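Because the structure is a prediction, the values reported are computed rather than measured.
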Amino acid sequence: MTDVLITAVELADLLKLEPCVVIDTRNPDAYAAGHLPGAVNVHEIFTFLATSTPEGMAELKTKFADAFGAAGVSGKETAVVYEQSMNSGFGQSCRGYYLLTMLGYPKVKVLHGGFDAWSAAGLPVTQDVPTPAAASFPIVPEAGEILIDAKTMLAAVGKPGIAILDVRDVDEWIGDSSSPYGKDFCPRKGRIPGAVWLEWYRMMKPTAEGPRFKSKDEILAECATVGISQTTPVYLYCFKGARASNTFLALKNAGVKDVRMYFGSWNEWSRDPSLPIEQGLPVATGVTTKAA
């Protein structure tokens with residue numbers, strides 16, 4: 001696949017060459033203080049909590065098709081999504097990429113390094129707020145296969161061959177905390193049974209300019225530590241689908257073919273007492289690979 005990530009300098013060139021809609025996912029205060037010229041603020045890309053009932057899934061699709069349409073995304077433009085930096089917004093720009101991809105949008109880029117990278121390159125920043133021409137956003141229903149619900153995730157528990165990948169922070173993985181919003185935000189702490197764990201930060205590495213995604217081979221090496229190859233079906237989750245979107249982008253860029261996300265994630269799973277969880281320190285289980 002073509003790389004979804006675009007550098008600040010590449011983006012500055014692209015904006016001169018073809019129609020783009022630039023989407024700022026940061027909070028309204030950060031946006032008001034200064035943003036990329038022409039950028040539209042769609043903070044709900046980060047804040048919206050999804051549920052995986054049929055109504056909830058339909059609402060998710062309608063809500064964001066409307067939001068992207070209102071931002072001027074019609075199908076002709078490249079949609080470019082950014083956040084402050086790759087590790088300050090819990091993967092929120094990647095959540096925008098995931099939502100656009102799940103709706104079937106063909107041309108999506110994520111600004112690698114976010115607003116910080118754009119500023120560091122000395123590129124123009126403005127406080128002017130654009131008035132985008134509203135567009136009719138096209139939904140491609142079959143693209144929604146990368147969105148899975150709690151029922152599909154439950155069916156994958158204990159199924160050999162599917163990797164359930166938890167990318168939350170370590171305190172959530174070991175069941176010390178239920179969410180990034182506070183230890184007891186959700187009623188239960190723990191993880192989905194049989195999940196393997198790669199903290200989302202591991203898809204990136206520090207550079208002098210801030211965190212950047214690792215190379216394809218480095219990402220595949222991280223995946224191999226939990227038995228995931230390019231042909232392993234991967235079902236991702238985190239707390240609400242932001243950090244998992246960061247990992248989704250990394251895995252797709254690295255050529256992992258079948259990656260889907262349980263977007264309701266721990267926020268939904270933990271609130272349904274009928275769904276099984278594992279608690280306490282993890283034991284050595286999960287996807288294993290035989291040595292050659």
Side-chain angles (χ1 to χ4, degrees), residues 48-54 56-57 60 90-91 94-95 98 102 144-203 222-229 231-252 256-289:
F48 187 80
L49 293 174
T51 57
S52 65
T53 60
M57 305 273 258
L60 176 72
F90 292 101
C94 303
R95 198 180 199 240
Y98 175 81
M102 181 269 294
E145 288 172 2
I146 61 170
L147 176 70
I148 60 173
D149 59 11
K151 203 188 309 177
T152 307
M153 187 59 114
L154 181 61
V157 171
K159 203 181 238 180
I162 294 178
I164 297 175
L165 180 57
D166 184 324
V167 303
R168 295 173 301 161
D169 294 0
V170 65
D171 56 344
E172 294 163 85
W173 167 249
I174 65 172
D176 254 6
S177 174
S178 73
S179 86
Y181 294 99
K183 280 181 184 287
D184 300 309
F185 185 83
C186 292
R188 300 191 293 171
K189 302 181 184 81
R191 61 200 162 271
I192 296 176
V196 294
W197 178 59
L198 279 178
E199 198 170 10
W200 69 291
Y201 292 115
R202 283 174 63 180
M203 298 296 130
E222 292 287 1
C223 290
T225 65
V226 291
I228 292 172
S229 74
T231 56
T232 311
V234 180
Y235 288 6
L236 287 170
Y237 78 97
C238 58
F239 172 71
K240 63 170 184 186
R243 291 169 291 180
S245 294
N246 179 288
T247 306
F248 180 88
L249 188 158
L251 297 186
K252 292 309 288 180
V256 181
K257 292 179 184 64
D258 184 4
V259 188
R260 303 171 194 229
M261 198 198 310
Y262 169 42
F263 207 68
S265 279
W266 193 252
N267 180 59
E268 179 179 62
W269 189 275
S270 66
R271 296 178 193 282
D272 183 345
S274 73
L275 294 170
I277 63 170
E278 271 176 9
Q279 290 178 297
L281 281 174
V283 290
T285 56
V287 180
T288 53
T289 49

Exercise for review: Give a yes or no answer on whether the side chain of Thr53 reaches the backbone of Gly56 with a donor-acceptor pair at less than 3.5 Å.
Suggested key: yes

Point to revise | Any donor-acceptor pair under 3.5 Å from Ser270 side chain to Trp266 backbone | key: yes

Give the minimum heavy-atom separation between [X] and [Y], together with the two atoms involved.
X	Y	result
Met203	Leu251	SD-CD2, 4.5 Å
Leu275	Ala150	CD1-CB, 4.3 Å
Ile146	Val259	CG2-O, 3.8 Å
Val234	Ile228	CG2-CG2, 3.7 Å
Cys238	Val167	CB-CG2, 3.9 Å
Leu154	Pro276	CD1-CD, 3.5 Å

Can you tell if the side chain of [X] reaches within under 4.5 Å of the side chain of [Y], non-hydrogen atoms only?
X	Y	answer
Asn267	Ser179	no
Thr231	Lys257	yes
Leu198	Leu165	yes
Met153	Tyr235	yes

Going by the salt bridge (charged side-chain N to carboxylate O under 4.0 Å, His left out) test, which pairs reach into [range], not counting sequence neighbours?
range	result
residues 152-165	none
residues 185-194	Asp184-Lys189, Arg191-Glu278
residues 237-251	Asp169-Arg243, Glu172-Arg243
residues 145-156	none

Revision key, fill the gap. Across all chains, not counting sequence neighbours, the side-chain hydrogen bond (donor to acceptor under 3.5 Å, both in side chains) partners of Tyr237 are Asp166

Review point. Who are the side-chain hydrogen bond (donor to acceptor under 3.5 Å, both in side chains) partners of Ser52, not counting sequence neighbours?
Key: Glu268

Review point. What class does the angle between the rings of Trp269 and Tyr262 fall in, given that below 30° is parallel, 30 to 60° is tilted and above 60° is perpendicular?
Key: perpendicular

Check your understanding: Which word best sums up how the rings of Trp197 and Trp173 line up, parallel for under 30°, tilted for 30 to 60°, or perpendicular for over 60°?
Key -> parallel

Review point. Can you name the residues that form a side-chain contact (heavy atoms from CB on, under 4.5 Å) with Pro160, not counting sequence neighbours?
Key: none

Study note, to complete from the structure: Residues at least two apart in sequence or cross-chain that pass side-chain contact (heavy atoms from CB on, under 4.5 Å) with Ser274, listed by chain then number, are Asp272

By salt bridge (charged side-chain N to carboxylate O under 4.0 Å, His left out), which residues pair with [X], not counting sequence neighbours?
X	result
Asp171	none
Asp176	none
Arg95	none
Glu199	none

Point to revise | Centroid-centroid under 6.0 Å between Phe239 and Phe90 rings | key: no

